[in-house]
Amino acid sequence: MPTFRAPRGTRDLLPDEAARFNRFARVARDLAERYGYRPIETPLFEQAAVFERGLGEVTDVVEKELFRIAPRTEDSEAWALRPEPTAGIVRAYVQHGMHTWPQPVRLSMMGPMFRYDRPQAGRYRQFWQFDVEAIGDPGPAIDAEIVELGLRFYAEVGVRGAEVLVNSIGDPVCRPAYLGVLTSYYRRRAIDLPPTDRDRLERNVLRLLDSKDPAMAAINAAAPRITDHLCDACAAHLAGLRAHLDALGVPYRMAPGLVRGLDYYTRTAFEFYVAGREGQQQAIGGGGRYDGLVELLGGRPTPGIGFGVGLDRVALVLDEQANVAGARADAVDSGDLGTLDVVVVSADPDDTVGRLRVATEIRAAGLHARADLGRRKLGRQLEAASRDGAHFAVILGDELATGHVQIRDLEAGTQRAVATSDLARELARAVKAHRHG
RNA sequence: GUGGCCUUAGCUCAACUGGCAGAGCAUCGGAUUGUGGCUCCGAAGGUUACGGGUUCAAGCCCCGUAGGCCACCCCA
């Protein structure tokens, strides 16, 4: 039993997994760049009020999941680790006067988020998101761009069968009236509601719509739909989004029960899934429009939309899909596992300087090389090199006296002597041939 | 935050109704001192998650704590 371990709900990303996350970052960065979304980095913590006000005081995220930082002094302000990226980015938008930039401001970020809830597979207290925001465009064309960008990310990262569920949750003009209609609908049936759903009736009526209780299926099927109660502007917005998605050939499903957990959402709401998976932590990403958030955080009224991709869950899905297709297929195919071209070994256990010097020279030629600096016998060094995945070994031996070393092809089991002066050039050629062969 | 299941070496797992804790893989070393992947031999590695209790005796039974998992709540 180790004395210390990673805190509950957190985990170490060991090299294979960390390399995979590096690849996610690469894909995310490329994709954002191609779509014109510029990188931004905001602090991992903010004044707690940014989240309390932004996400809503009575949301679960704020009420029980916020990772609060104890004040250092009596008068220091209350901070909290970010539970989601949008509030911080919007805070930055306001603080730095981004309304003076060409609108909309397209931004992208990848990093860890923190929520103090109970861990489960695919649910961590520290988890990673790729996030994209477009602030300053009322849509709906930008909504379609965002949704399409999200689906593109899953495809490029190797997830098969990602799909998007779309809904509109109205805006301050029409949602209050709909909530009234919905509440009275459920109140009339209160005696038929399971206990948790009776609680939800008072806390957050919308949640009832996607209750998992089988007893609710019939009641929910007959419940008034928000899409039938949208004001003209919201209805037009939704129609516009659908028209754009259709025109772009983006497949999507309407989900009348889809609700989001944060107060800032208006109109467009969507979540990404992979169909047919077991377990409950199924959403692999989600987002929506937040037309009131900028104003809520002190800016002038400005519309916005964005989404976050749960990278830990993407990794989970890739593992599941790899179990069918062969372990870590995504990793091998895309070079996640890292490449090592050459290991420099020596017959002389004391010659560490020679091995370092030669490895340095090889690296200068652009190859991936490491020196074996142990005192193990030659065979062991070659064995280790082979298991590290190196294609070649450079062997320093007696030939050094005549200015030569051996280049050994670890897969073919063949080797030849070359002059040290030609080593880098010869190796570069061999590695290049190997990579393309 | 609620309920349930689980925890033995780095990993995957054994150990009859309580009776001295094992294997495979991985790691390290060796098989006459410059050549690996196969094979053989050997070593190291455990307060059986942690803390109590019952018992002559606890990995096994009881209680607590921590962690993991599952279902809720909720969400990525």
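What you are looking at is a predicted structure, and each value in this text was computed from that prediction instead of being measured. Atoms considered below: every heavy atom in the structure, side chains included; atoms not considered: hydrogens, waters and symmetry mates. Below, chain A is the first sequence line, B the second, and so on; all start at residue 1.
Under the Watson-Crick and G-U wobble criteria, each requiring two contacts below 3.5 Å, nucleotide B:rA23 is paired to B:rU12. Nucleotide B:rG51 is matched to B:rC63 when pairs are restricted to Watson-Crick or G-U wobble geometry with both distances under 3.5 angstrom. Checking B:rC69 for Watson-Crick or G-U wobble geometry (two distances, each under 3.5 Å) identifies B:rG4 as its partner.
Distance from the side chain of A:L378 is smallest to B:rG34 among B:rA76, B:rC69, B:rG34. Closest to the A:F127 side chain, of the nucleotides B:rG34, B:rA76, B:rG67, is B:rA76. Here the side chain of A:K64 is nearest to one of B:rG34, B:rG1, B:rA76, namely B:rG1. If you check B:rG36, B:rA31, B:rC69 against the side chain of A:L382, the one that comes closest is B:rG36. Counting only heavy atoms from C-beta on, A:R118 has its side chain closest to B:rG1 among B:rG68, B:rG1, B:rC73. Minimum atom distance to the side chain of A:R5 is reached by B:rA66, of the listed B:rA66, B:rG34, B:rG36.
Without hydrogens or angle criteria, A:E426 side chain to A:R429 main chain gives no donor-acceptor distance under 3.5 Å. Between the side chain of A:R115 and the backbone N or O of A:R125 there is no donor-acceptor pair closer than 3.5 Å.
Proximity of A:R8 to the phosphate of B:rG68: a side-chain N or O atom is located under 4.0 Å from OP1 or OP2. Under 4.0 angstrom from either OP1 or OP2 of B:rA71 there lies at least one side-chain N or O belonging to A:Q120. At the phosphate of B:rG68, neither OP1 nor OP2 sits under 4.0 Å from any side-chain N or O atom of A:R11. Contact check, A:K377 against B:rU32: no side-chain N or O comes under 4.0 Å of OP1 or OP2. Phosphate contact (OP1/OP2 of B:rU27, side-chain N/O of A:R387, threshold under 4.0 Å): present.
The residue A:R408 sits close to a base: some heavy atom pair falls under 4.0 Å. Within 4.0 Å (heavy atoms only), A:I284 reaches sugar-phosphate atoms of the nucleic acid but no base atom. Looking at heavy-atom distances under 4.0 Å, A:Q415 makes contact with a base. Base engagement by A:G397 is indicated by at least one non-hydrogen atom pair under 4.0 Å involving a base atom. At the heavy-atom level, A:E84 lies nowhere under 4.0 Å from the strands shown.
Taking atom P on both nucleotides, B:rC13 is separated from B:rU8 by 9 Å, rounded to a whole Å. For the P atoms, the distance from B:rU54 to B:rG59 is 16 Å, rounded to whole Å.
Tested against A:R289 for a side-chain hydrogen bond (donor to acceptor under 3.5 Å, both in side chains), the candidates A:T268, A:D143, A:T266 yield a single pass: A:D143.
Between A:I146 and A:Y37 there is a side-chain heavy-atom pair separated by less than 4.5 Å.
For A:R123 against B:rC74, a side-chain-to-base donor-acceptor contact under 3.5 Å is present.
In this structure, A:H434 and A:F392 have perpendicular ring planes: the angle between them is above 60°, well past the 30° mark. Using a 30° and 60° split on the angle between ring planes, A:F272 and A:F270 fall in the perpendicular class, above 60°.
Each of A:E271 and A:G9 has a nearest nucleotide on RNA chain B; the 5'-most of these lies closest to A:G9. Each of A:D60 and A:E399 was matched to the nucleotide of RNA chain B holding its nearest heavy atom; the match closer to the 5' end belongs to A:E399.
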